[in-house]
Enquirer: 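Shown below is the structure under consideration.
Order of the sequence lines sets the chain letters (A, B, ...), proteins ahead of strands, with each chain counted from 1.
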Amino acid sequence: MQLATWNVNSLTVRLPQVLDWLAANPVDVLVLQETKTTDDKFPHEAIEAAGYKVAFFGQKTYNGVALLSRSEATDVVKNIPGFEDDMARVIAGTVDGVRVVGAYFPNGQAPDSDKFVYKMRWLEALQNWLREELKQHPKLVLMGDFNITVDDRDVWDPVALKDTIHCTVEERDHFQALIDLGTHDAFRLFEQAEKSYSWWDYREFAFRRNRGLRIDHILVSDALKASTQACVIDKAPRKNERPSDHVPVIVTLG
DNA sequence: ATGCCATGTGCTACATGA
C-alpha cells in the first residue's frame, strides 16, 4: 500500500499535474492541501474518472484539503472534532483498514504573531484528538504540510533561519509531542540524501539552488512501523511548468 | 529591513503563504 501527501497550492491550477502524477504514481491514497476551492467547485469528476474516490473539505481562497483513495474512505471526519476553526485544514478517513489523517497545519507567520498563537492552539488540539484516534485506530498515518521542520537537517540554512517560523523550539516541541503519542517520522526511518527538502520558495531560484525546507511529513503509528518499507520525496513535479512550491512525499507500507 | 514569486479576489492593490 502506498500513501502520499502533496500541498498543491491551488487545485484549480494544479489539477492537470495531479492527474499526470497519479497516472505515473498510482498510489492507493493521496491527501492534498491548499486546494483553495469551495466544495461546489471541487473537480471531483476528473478525479473519479482517474479511478479515485475523493472526500474533500474546502473554503474560498485559502486552505482546503482532500482525501483521494482507490477504495472509498469510511468514517470521514473534517477538521479537529471539538476545535472551533474557520479554516478547512483536516480531512480523515479509514482506507483499507488504515486510519488516514491529512492535514494542512497553520503557517504561523512569525513567532510573535497572533497566527503563531493560533498555530500553537491548533497543534495542542490536534495532539489531543490524535491521542484518541490512535486508541481507536492503532494503524494510523498522519500526513500533510506540517509547516514545521523537525531538526536542522530539514533547513537549507539553519543558522540564518534559527528560531524563525517553521524552525522554532515551540513548533518542534509540538512535533515531538506527536511522535511521543506513538508515531514515527517515516522519512527518517530510512537512509536519506543530505539536504532533502519538500518545499522551495518560488523566489530567488530557490529550487535550482536547493534552498528549501522539509516541512511535509508522514507519521506512521507504532503498529505500522514494522511494515513501513520506504519513504521518498518526489522532486520531479517541482520541475513542471507552473509547479506547486511543495512536492509529494510517498510512503510504502508492506 | 524589504521584496524578490505565486494564488485568489476582484480593491487594477491586497492578504497570505513559508
Enquirer: Calculate the interatomic distance between Asp154(A) atom CG and dA18(B) atom C1'; express it in whole Å.
Expert: 14 Å
Enquirer: For Asp85(A) and Tyr118(A), does a side-chain donor sit closer than 3.5 Å to a side-chain acceptor?
Expert: yes
Enquirer: Atom NZ of Lys115(A) to atom P of dA18(B): distance rounded to whole Å?
Expert: 11 Å
Enquirer: Would you say His246(A) places a side-chain N or O within less than 4.0 Å of OP1 or OP2 belonging to dA18(B)?
Expert: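 Checking dA18(B) against His246(A), a side-chain N or O does come within under 4.0 Å of OP1 or OP2.
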Enquirer: Is there any ring pair (Phe, Tyr, Trp, His ring centres under 6.0 Å) pair reaching into residues 153-173 of chain A, and which pairs are they, with sequence neighbours excluded?
Expert: none
Enquirer: Whether the Asn7(A) and Glu34(A) side chains hold a donor-acceptor pair (N or O, under 3.5 Å, no angle test) is what I'd like checked.
Expert: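 Side-chain D/A pair, Asn7(A) to Glu34(A): present.
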Enquirer: Across the strands shown, which category fits Asp145(A) at heavy-atom distances under 4.0 angstrom: base, sugar-phosphate, nothing?
Expert: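 The residue Asp145(A) makes sugar-phosphate contact but no base contact.
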Enquirer: For dG10(B) and dA15(B), measure between their P atoms and round to the nearest Å.
Expert: 14 Å
Enquirer: Could you tell me whether the side chains of Ser244(A) and Arg14(A) share a donor-acceptor contact shorter than 3.5 Å?
Expert: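 On atom types as modelled, these side chains do not qualify, holding no pair under 3.5 Å.
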Enquirer: Can you tell me if Tyr104(A) touches the phosphate of dA18(B), counting only side-chain N or O atoms and a distance under 4.0 Å to OP1 or OP2?
Expert: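 Answer is yes, contact under 4.0 Å.
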Enquirer: How far, in whole Å, is dA18(B) from dT7(B) if one measures between their P atoms?
Expert: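 The same atom, P, in both gives a distance of 14 Å.
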Enquirer: Remember a base hit wins even if backbone is also touched, and classify Asn7(A) as base, sugar-phosphate or nothing at under 4.0 Å, heavy atoms.
Expert: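 Sugar-phosphate contact only.
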Enquirer: Whole angstrom is fine here: how far is it from CG in Asn63(A) over to C1' in dG17(B)?
Expert: 10 Å
Enquirer: May I ask you to test the Phe116(A)-Glu171(A) pair for a side-chain heavy-atom distance under 4.5 Å?
Expert: yes
Enquirer: Any chance the side chains of Thr252(A) and Gln229(A) put a donor and an acceptor closer than 3.5 Å?
Expert: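 No - no donor-acceptor pair under 3.5 Å links their side chains.
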Enquirer: Gln59(A) CD to dG17(B) P: how many Å, rounded?
Expert: 11 Å
Enquirer: Determine yes or no for a side-chain-to-main-chain donor-acceptor pair under 3.5 angstrom, with Asn25(A) supplying the side chain and Val27(A) the backbone.
Expert: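 No.
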Enquirer: Ile165(A) CD1 to dT16(B) P: how many Å, rounded?
Expert: 14 Å
Enquirer: Quantified in whole Å, what is the P atom distance between nucleotide dG3(B) and nucleotide dT16(B)?
Expert: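 Going atom to atom, P in each nucleotide, I get 15 Å.
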Enquirer: Side chains of Gln192(A) and Arg188(A): is there a donor and an acceptor less than 3.5 Å apart?
Expert: no
Enquirer: May I ask you to say what Lys119(A) touches in the nucleic acid, namely base, sugar-phosphate or nothing, with a heavy-atom cut-off under 4.0 Å?
Expert: nothing
Enquirer: To the nearest angstrom, how far is Glu171(A) atom CD from dA18(B) atom P?
Expert: 12 Å
Enquirer: For atom C1', what is the distance between dT12(B) and dT2(B), given to the nearest Å?
Expert: 23 Å
Enquirer: May I have the distance from Trp199(A) (atom CH2) to dT16(B) (atom P), rounded to whole angstrom?
Expert: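 Rounded to whole Å, this separation is 18 Å.
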Enquirer: So if I define the base as every atom that isn't primed, P, OP1 or OP2, how would nucleotides 3-12 of chain B read as a B/S/- string at a heavy-atom cutoff under 4.0 Å?
Expert: -BBSSSSS--
Enquirer: Figure out the CE/C1' separation between Met87(A) and dA15(B), and round it to whole Å.
Expert: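 Distance check: Met87(A) CE to dA15(B) C1' gives 12 Å.
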Enquirer: Take atom P in dC4(B) and the same atom in dA13(B), then report the distance between them in whole Å.
Expert: 14 Å
